[in-house]
There are 2 protein chains.
Amino acid sequence: MKAATIRDVAERAEVSVASVSRVLNGAGPVTEATRNKVLEAARALQYVPHSGARSLSTSKTQTIGVILPDLYGEFFSELIRGMDVAARSLGYHLIVSSSHDDAEEASAAIRSMRGRVDGLIVLSPHLDAANLAAGLAGRTPILLMNGGAAAGRPSIVVDNHGGAVLAVEHLVATGRRRIVHIAGPAGNLEAEARLAGYLQAMARAGLPTSVVEGEFTQASGHAAGVALARREPRPDAVFAGNDNMAVGAMLALQDGGLRIPEDVAIIGFDDVPIASLVRPGLTTLRIHIAETGRSALERLVRLINAAGEAVADTACEIVRPELVVRPSSNPATPTEASSVPSNAGERLRALAETPSLKGENS
Amino acid sequence: MKAATIRDVAERAEVSVASVSRVLNGAGPVTEATRNKVLEAARALQYVPHSGARSLSTSKTQTIGVILPDLYGEFFSELIRGMDVAARSLGYHLIVSSSHDDAEEASAAIRSMRGRVDGLIVLSPHLDAANLAAGLAGRTPILLMNGGAAAGRPSIVVDNHGGAVLAVEHLVATGRRRIVHIAGPAGNLEAEARLAGYLQAMARAGLPTSVVEGEFTQASGHAAGVALARREPRPDAVFAGNDNMAVGAMLALQDGGLRIPEDVAIIGFDDVPIASLVRPGLTTLRIHIAETGRSALERLVRLINAAGEAVADTACEIVRPELVVRPSSNPATPTEASSVPSNAGERLRALAETPSLKGENS
DNA sequence: GTGTGTCATGTAATCGGTTACACGGTTTTT
DNA sequence: AAAAACCGTGTAACCGATTACATGACACAC
């Protein structure tokens, strides 16, 4: 049994294909009688329009492509969740493509989406302006979120530099001096901006810098933590390039017998859900991830609808991370697993802070 | 500037559209001369075939839809990662749709994918056979992974029941008696199978059962842990329906002054990356998540290619979880953050166990 | 030199929608 | 009562690919 086409429906309802199309799209005038006949026939045949055919004649696909560098960890899963929610409510589908090891591959991924998507959200950091232009051709609206503020192109960037400065300033203000940075992978623009912010803030405070390389994964943070626990003199604070690495590092430092935050303070970046659940709770720079994903998708849809219009949206929207201080950096609230009474307050706070994950996006 | 069509390429190369198509698809005979002219023209025009048009004439989309219940946590992000890797290597695109609150919505999502995908992987637990049939119509191959072994339909299920039994038996064998289960959301078939396994194993061991409700989120696990920490008599083991909740519960219990595993043992389910990184490392039932996703996608593609052939693949593939014992349930390896020398061995083990996340799928 | 087979190429139908335009019938205007 | 306006419906062109079939060129055999 082949799937029903619009012609099958027209035949069964004894009307023309044009009328069927009009009824199903709510466009154009139709009598109540035909409307009913068509709807009844469509239901009986379980008719669903073939999206390929539709996209061919309307040159719209109702689909948006998302180009990701990778899918590790909670960050991207949160981001996609936000986008997915927005997409559904706007009647769009989401097509994801990740794990592009180099610019060539990412560019190929973009190209292979031509005719398949109405617009793209690009988070892959491998894509510089040249590659993007090569992948363009068809005037597909693109929203950049790869951390590079490509001038004249609509984009959303997190103020990574500013966030990193906030982190360092907080650590300095609470008395830390030997502050190490666990950096994200080289070539990742976000990682580089965070590193630059760290370096600048440290220089401004007149402190010596020390950078360990990481890859944004928990495992790499853990490895960095193991190395740092052995180092002499011991650092008294760690600013990790993201929460994943911060959590990994924290566990390694604790394994090494160090107390957080008494011996070493830790700060992450992103505020993924787990950040408030580890012990001690992780100080971090909050980006409302799902919210950002939602707003990115909505903006792209606006771009798509406005395509060709004079008022070009080429602004670079900036998301400013907000410092969330939790016990991992707070000398005033020591946490020791065995001292029950002393941390009752902390426990309550942790509870109150536990995000209602499910309801966050409603 | 509009995107180039096959006719533009044909014109520029001074050949017919048929030849262009033949060259680009590598099908049919062409001279070296025409091949070169066509390739040169295609490159000059940055031509990429319009996938909608192609899918219209070939009735193939090279796209696979994934219907998810939700995108929370690491489980789904791992799963999608595995699928994405497989999809790219097979030349398919992935279109995801999540957060379906009820069967109606999930069914609508399936229907809206007609003509858009060549096949579906369904993980949404809301879909019983009836709804699936309603969404079918077009003979779209569907691979079920929602935990319900729908007879006569290709599916992959995790042996949740068996895994739960393993977990309980391990706890019983190590001397635990007051074993509480934190269940996943009602209506989720995986959650129900794990619960049933727990109940059966407990009954077989002659132990009283106790179930706390959760929602598969870390936050709900945390809430359950807070309640359990106060309970009298205190449970001496917790088997959580997944790792997310296990981690949440563990942190809450630790906040409540309980030592893991001395006072309470904890077991999760799934073996998400974080399981090996929390302290103490979480005992869990390992499913090679990304691997399972990869293999699911590959099987679906085989289904698609075999569509219509006599040898119908309706088998129900079973993934058997494997018990991974880590310190959270092991009385022989007490972990105390302050006792450095005593846990040196444990530390090493944890390091060795830390998965090379990046390389796992290569 | 005509017939036949091979092979590269072109022509045109087709996939399943959307939509401009034509058409006939009713209602309103003058 | 004739003209104009309006409205619901149908016909057919079009979107951009694939591909069955027709065509024409050329080589080889008889």
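Chain A is the first sequence line, chain B the second, and so forth, proteins listed ahead of strands; every chain is numbered from 1.
At dG10(C), one or more side-chain N or O atoms of S16(B) fall inside 4.0 Å of OP1 or OP2 (strictly under the cut-off). Proximity of S21(A) to the phosphate of dT18(C): a side-chain N or O atom is located under 4.0 Å from OP1 or OP2.
Residue-to-nucleotide proximity on DNA chain C shows that, of I6(A) and V17(B), the 5′-proximal contact is made by V17(B). Projected onto DNA chain D by closest heavy-atom contact, R7(A) and T58(B) fall at different nucleotides, the more 5' of which corresponds to R7(A).
For the pair T5(A) (side chain) and R7(A) (backbone), a donor-acceptor distance under 3.5 Å is present. Under the 3.5 Å distance criterion, the side-chain polar atoms of R116(B) are left unmatched by any main-chain donor or acceptor of T61(B).
Contact annotation: side chain of R22(B) to base of dG10(C), donor-acceptor pair present below 3.5 Å.
R54(A) has its CZ atom 11 Å from the C1' atom of dG16(C), to the nearest Å. Going from atom CD of E14(B) over to atom P of dG10(C) covers 10 Å, rounded to whole Å. Distance, K60(B) NZ to dA17(D) C1': 16 Å, rounded to whole Å. The NZ-P distance, from K37(B) to dA8(C), rounds to 14 Å in whole Å.
As judged by a 4.0 angstrom heavy-atom cut-off over every strand, S19(A) is placed among residues touching the sugar-phosphate backbone only. Backbone-only contact: T31(B) has heavy atoms under 4.0 Å from sugar-phosphate atoms and none from a base. Residue contacts shown for T34(A) are limited to sugar-phosphate atoms, with no base heavy atom under 4.0 Å away.
Using a 4.0 Å cut-off between a side-chain N of Lys or Arg and a carboxylate O of Asp or Glu, E298(A) and R294(A) qualify as a salt bridge.
Comparing dT18(D), dG17(C), dT11(D) by their nearest atom to the side chain of N25(B) picks out dT18(D). Closest contact between the side chain of S57(B) and the listed nucleotides dG10(D), dG17(C), dA17(D) involves dA17(D).
The environment of E11(A) atom CD is sparse: at most 12 non-hydrogen atoms of other residues, nucleotides or ligands sit within 6.0 angstrom.
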